[in-house]
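First comes the structure, then the notes that go with it.
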Number of protein chains: 2
Amino acid sequence: MTKVKESSTNQASRKFLAECDLTHAVRLMSGRWKLPILYLISKGQNRFGMLKKVIPNITERMLTLSLRELEDDGLITRTVFAEIPPRVEYALTEIAMDLLPICDHIRHWGLKHKQSIIFTD
Amino acid sequence: MTKVKESSTNQASRKFLAECDLTHAVRLMSGRWKLPILYLISKGQNRFGMLKKVIPNITERMLTLSLRELEDDGLITRTVFAEIPPRVEYALTEIAMDLLPICDHIRHWGLKHKQSIIFTD
DNA sequence: TATGATACATACAAATTTGTAAGTAATGAC
DNA sequence: GTCATTACTTACAAATTTGTATGTATCATA
């Protein structure tokens, strides 16, 4: 969620893990607000103000940071319109749209997992 | 990776997000070493020492913490044998095995994403 | 000239995750 | 009695992520 910092074991293993396609992918989804944002954009909530309204608890700062990261990771595009007051629209990229059906699988598994825990504890 | 701390906005939104099956699921996979560990256990690397050997860069502390969390989350089981030197074996739970095919999807998407970035930058 | 609307930016602080270094416990082999 | 083996634990520190509070820019409208 921030810039690259100094070199360290931390950075080294991050790089190492990025070589694996799986951990690379999971890292892209890993910010707290990333997937909610992606999902909502796909549902038409494609402006800063809209997202702010529909995501409870998110702060403007985190919304900004998350949008920037999603953009840097090639998951959303950002279009600025030369209007006042400003208008900026976000949209999913193709690769992000490919992620949506996988998210359905993950969501389904998440529910199953919740239920499996109820019956185990 | 640690205990529950004081109440805060942070905790509040974590709880909120856990209500969503998708973010709940992603959170389970989100530790840096979680999926590598799960994968390796599924491939027969089911002891502490084995995992330590085959996962470059991981520290004993992180391995311990990750294994504990996976256990707490119901993704692996831990079996202690009454031997000296100690022998402890880990195994995937059923719900964790259900995750494996989904991981294949995610991995495949991760590769596609990497390629999409190469051709865009 | 002041206000509102929109989409941010910035300085700072708290919470969380990850890493470093050293130590523990049990016991059979030497 | 010392050592090796295995699977950890603990105190501490660094790095990363998330949150709080406040400020900025533009221009049309009142």
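The shown structure was predicted, so the numbers you read here are calculated from the model rather than taken from an experiment.
- Val26(A) and Ile58(B) fall within a single hydrophobic cluster, where Ile, Leu, Val, Met, Phe, Trp and Tyr are joined by side-chain heavy atoms under 4.5 Å apart, directly or via other members.
- The listed nucleotides are dG19(C), dT27(C), dG19(D); the one nearest the side chain of Ile84(B) is dT27(C).
- To the nearest angstrom, C1' of dT17(C) lies 11 Å from NZ of Lys34(B).
- Atoms CD (Glu83(A)) and P (dC8(C)) sit 14 Å apart, rounded to a whole Å.
- Among the heavy atoms of the strands, none lies under 4.0 Å from Phe81(B).
- The cationic atom of Arg78(A) (NZ for Lys, CZ for Arg) does not lie both less than 6.0 Å from the six-membered ring centre of Phe48(A) and within 45° of the ring axis.
- Distance Lys15(B) NZ to dT18(D) P: 18 Å, rounded to the nearest Å.
- Closest to the side chain of Asn10(A), out of dA15(D), dC8(C), dT16(C), is dA15(D).
- Counting to the nearest Å, the P atom of dT18(C) and the CH2 atom of Trp33(B) are 9 Å from each other.
- For Arg61(B) and dT10(D), a side-chain-to-base donor-acceptor distance below 3.5 Å is absent, hydrogens and geometry of angles not being considered.
- Between the CG atom of Leu65(A) and the C1' atom of dT10(C) there is a distance of 11 Å, given to the nearest Å.
- Using a 4.0 Å cut-off, no side-chain N or O of Ser13(B) falls inside it from OP1 or OP2 of dT18(D).
- What separates CG of Leu17(B) from P of dT17(D) is a distance of 17 Å, to the nearest Å.
- The phosphate of dC8(C) (OP1 or OP2) has a side-chain N or O of Tyr90(A) nearer than 4.0 angstrom.
- Listed nucleotides: dT20(C), dT6(C), dA9(C). Nearest to the side chain of Pro85(A): dT6(C).
- When the nucleotides dG19(C), dG19(D), dT9(D) are ranked by their closest atom to the side chain of Arg32(B), dG19(C) comes out on top.
- For Arg68(A), a side-chain nitrogen or oxygen approaches OP1 or OP2 of dC8(C) to under 4.0 Å.
- Place Val88(A) and Asn57(B) on DNA chain C by their nearest nucleotides, and Val88(A) ends up nearer the 5' end.
- Side-chain proximity of Thr59(A) to the nucleotides dT16(D), dA7(D), dT20(D) is greatest for dT20(D).
- Take the nearest nucleotide of DNA chain D for Ser30(A) and for Lys52(B): the residue whose nucleotide is more 5' is Lys52(B).
- Here the C1' atom of nucleotide dA7(C) and the CE atom of Met62(A) are 17 Å apart, to the nearest Å.
- The aromatic ring centroids of His105(A) and Trp109(A) lie 6.0 Å or more from each other.
- Across all strands shown, Thr64(B) has heavy atoms under 4.0 Å from base atoms, whether or not it also approaches the sugar-phosphate.
- Here Gln11(A) does not reach the OP1 or OP2 of dT18(C): none of its side-chain N or O atoms lies under 4.0 Å away.
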message: Is there a salt bridge (charged side-chain N to carboxylate O under 4.0 Å, His left out) between Arg47(A) and Glu89(A)? Walk through the geometry before answering.
response: CA-CA 5 Å; Arg47(A) 294 184 58 184; Glu89(A) 286 186 4; 5.3 Å; no
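- For the 3.5 Å distance criterion, the side chains of Asn57(A) and Arg32(A) fail to qualify, holding no donor opposite an acceptor.
- Nearest approach of Thr93(A) to Gly74(A), heavy atoms of both residues: OG1-O, 2.8 Å.
- Taking for each of Arg14(B) and Glu89(A) the nucleotide of DNA chain C with the nearest heavy atom, the 5'-most of the two is the partner of Glu89(A).
- A straight line from CG of Leu28(B) to P of dT17(C) spans 13 Å, rounded to a whole angstrom.
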